[in-house]
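Notes follow once the structure below has been shown.
Order of the sequence lines sets the chain letters (A, B, ...), proteins ahead of strands, with each chain counted from 1.
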Protein chains: 2
Amino acid sequence: MGAMAVDKNPTVLRQLRYGNMERVLEVLRRKGPSSRADVATATGLSRTTLSGIVGRLLADNVLLEESAPLDGARAGRGRPVHRLTLNPSSAQAVGIEMGRERLRVAIANAAHEVTASGGVHRPNRGSAREQADCALALLRDLAEREGIDLAGLSGVGIGTPGPGETTGGGTGPLGDAPGVPRHRQSVADRVAASLDVPVLADNNTRLAALGEAIWGAARGAGDALHVTLSYGVGGGLVAQGRLFRGAQGAAGEIGHISVDPEGARCWCGGHGCLEQAASVPALLRAAGRRSWSRFTEALAAGEERACAALERAACAVGRALAAACSTANPQRVVLGGEIAELGPLFLDPAEAAFRRYTAARVSRGVRFVPAALADRAGALGALALVFHESPLLAGYPTRGAAAPGVADGASAVAAS
Amino acid sequence: MGAMAVDKNPTVLRQLRYGNMERVLEVLRRKGPSSRADVATATGLSRTTLSGIVGRLLADNVLLEESAPLDGARAGRGRPVHRLTLNPSSAQAVGIEMGRERLRVAIANAAHEVTASGGVHRPNRGSAREQADCALALLRDLAEREGIDLAGLSGVGIGTPGPGETTGGGTGPLGDAPGVPRHRQSVADRVAASLDVPVLADNNTRLAALGEAIWGAARGAGDALHVTLSYGVGGGLVAQGRLFRGAQGAAGEIGHISVDPEGARCWCGGHGCLEQAASVPALLRAAGRRSWSRFTEALAAGEERACAALERAACAVGRALAAACSTANPQRVVLGGEIAELGPLFLDPAEAAFRRYTAARVSRGVRFVPAALADRAGALGALALVFHESPLLAGYPTRGAAAPGVADGASAVAAS
């Protein structure tokens, strides 16, 4: 049999380069303030390599070098020792969520700690340029109020509504990325040009899934499935703490699992989709109500048609989740959106259907939990996106470096 | 808002240590024979760190150091230069599949090239010890015949039938890992003790999925779903070229997606599972035939009951694959096993049902392909498992080092 080599990844070199920098930061995160010699020992890097990396991080204000007195026993006779430390007031990453009704921003430092977050309620209207400028103004206000330095920023993550792939913005032209919504692309371009850093953008429901996995209801779970049951049914899948996208960026979109073989055609091209059975409009239609508040009143009054409609929808959700969990085998199912917020009236029959149609092994391993971060989930997820994926995009630091093409960043991420 | 830190991964230190070694090997794979100075430049490692790593790799016979004459222009005046090169006849990893009817072994070198493979047909009976010894004898025969040195081996992957988690064998006692089938554990222990290397073991259908993804029908696809339609219905999911397991190691088990809400209880605990509708026994029952050959004769004769049974099963497979692909959004669906081998008579209606119940975006991105590696898939997948996951298990090289506990390796892998 002839020799067959495993495919080589073209991003290996870029990752190696980034890797050395990330290791230095990792050592400082773990050990706290450390001398250059300690960092060299812990990373195994040569003096020359380390010196170059530390120089760039100091220039970018991500690290500080402090003169500290020698500790304890040796304090009396010491000349001061220089120690490297992460700069807690330097922003390393920013997450922005542009929801349908709100705009939120979160800022994290090089230690991956969220140091500030804020938001405003406003309908998501206007041109991409206007929306980007509004987000930038909110970001700058927040940074100023909290005394955070944006000069060392290494990346921005943005969540916007709508389907589509991840897009990598940059400081130059992005080119055409198939499948990336034009609007999301324009917003990313504008923010990238204004802050002179690379930008990653993705669907906001998917980013909410990531936010809940890192900081919220699925924290510590590793593998989690997120479902938002609202006017549409959206979802996201997190695997080992990272966003799992699949080939077209559609992984975790459980709203388009078919739950009715005889069902009508859906706008997505499928038939009998969950979204046609368990979204807010579907419930209102089935219950003969005009608005969500009327529907919840009918439920509260125990009105039979409304209760039956909710139970049918809950069963459909349970069955779709059973199929999704049989495929992905997560530890948590995080449920958000108006319908999930109805509580046990919805959650109990949904979970019962789920347990009935799932192998015992998978069922035992899954816990249903309500979403915990409310409207902060998307911005926090956008932040996590930067920490997880900016190395693949461009390496750090990127200020002033050539802009990565979309094809470059996207192919590494989506493995297309 | 207070500072919130991203969870730290306890395996970071181990990965850092392994990482430096893997970088040296990566540079040699990419550049071919290189001087120590070139390797130092390419990796950024200090002379001391590099010297330690190279020393271990030379001692383990994974690298060779050759005196090469200076090349081209400078050949005339040269003293010889020492170059490091990967040893092509040194085995770095071994993959073993213990199927129900066959035993197969594959060997790869440090450049991740498969340098030898072989197998024997034999029923998978006898004690774990007997099975392990049979595999070891086959491995040693193969290595001797092909002139391959097993002394520098860094890991063995083993696939066996049956559900269950990955287990990490080692040179010492493994302890109790919940959910790991006892038999697989015993086989892994025996092989680990005999070869004095760490062993990873997993379900063989799942490893076949990985083998097809790296070397077979899904090569280059990144994300792939593998289905084996045989006496049972098994599956595996590969994400970005790696095995995706989920929390209980059940990810990709699409045989237990429910395709009939009114269906009977399955042995797994679910109801109306695909395996109850589209396995060989289910088809024989539905067609009223006693054996697979009788069933295929009936199909060939166009017998109506057999054809209708096959079409119903194909629709069920298509619908289950639709739900699985709506969740995981792969680029390829790889179909293997007796039922898939029936060809278009089965594949066409299965694919038609799949397309009907899948969003256009997901459907357009998926190609159905027949399994390509036949009975080699499992052993090649076991080999890929070692390359992908042995760093998390123990770091390389491991000969003589303390054995990693199962909890250690398994928690990193399964994120439990």
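The 12-atom threshold is exceeded at CZ of A:Arg355, counting heavy atoms of other residues, nucleotides or ligands nearer than 6.0 Å. Surrounding CZ of B:Arg36 are more than 12 heavy atoms belonging to other residues, nucleotides or ligands, all under 6.0 Å away.
Scanning all heavy atoms of the two residues, the minimum distance from A:Arg356 to B:His271 falls at O-ND1, 2.8 Å. Here the shortest heavy-atom pairing between B:Ala328 and A:Thr327 reads CB-CG2, 4.2 Å.
B:Ile254 contributes atom CD1, which lies 10.0 Å from atom OG of A:Ser326 (distance to the nearest 0.5 angstrom). Here the NE2 atom belonging to B:His256 is positioned 14.0 Å from the OG atom belonging to A:Ser363, to the nearest 0.5 angstrom. Taking CD from A:Gln248 and SG from B:Cys325, the interatomic distance works out to 10.5 Å, rounded to the nearest 0.5 Å. The line from CD of A:Gln240 to CZ of B:Arg245 is 8.5 Å long, rounded to the nearest 0.5 Å.
Contacts between B:Leu237 and chain A at a heavy-atom distance below 4.5 Å involve the side chain alone, from C-beta outward. Residue B:Arg319 touches chain A through its side chain alone, counting heavy-atom pairs closer than 4.5 Å. Contact annotation for A:Ser46: both backbone and side-chain heavy atoms come within less than 4.5 Å of a heavy atom of chain B. Heavy-atom distances place both the backbone and the side chain of B:Tyr357 under 4.5 Å from chain A. Both the backbone and the side chain of B:Pro261 have a heavy atom closer than 4.5 Å to some heavy atom of chain A.
Looking only at heavy-atom pairs under 4.5 Å with chain A, the residue among B:Gly263, B:Gly272, B:Gly252, B:Ala108 that has the most is B:Gly252. In terms of non-hydrogen atom pairs under 4.5 Å with chain A, the most contact-rich of B:Ala359, B:Ala250, B:Ala239, B:Gly241 is B:Ala250. Your options are A:Gly269, A:Cys268, A:Cys273, A:Cys266, and the one with the most heavy-atom pairs under 4.5 Å with chain B is A:Cys268. If you tally non-hydrogen atom pairs under 4.5 Å between each of B:Ala320, B:Gly235, B:Ala353, B:Gly44 and chain A, the highest count goes to B:Gly44.
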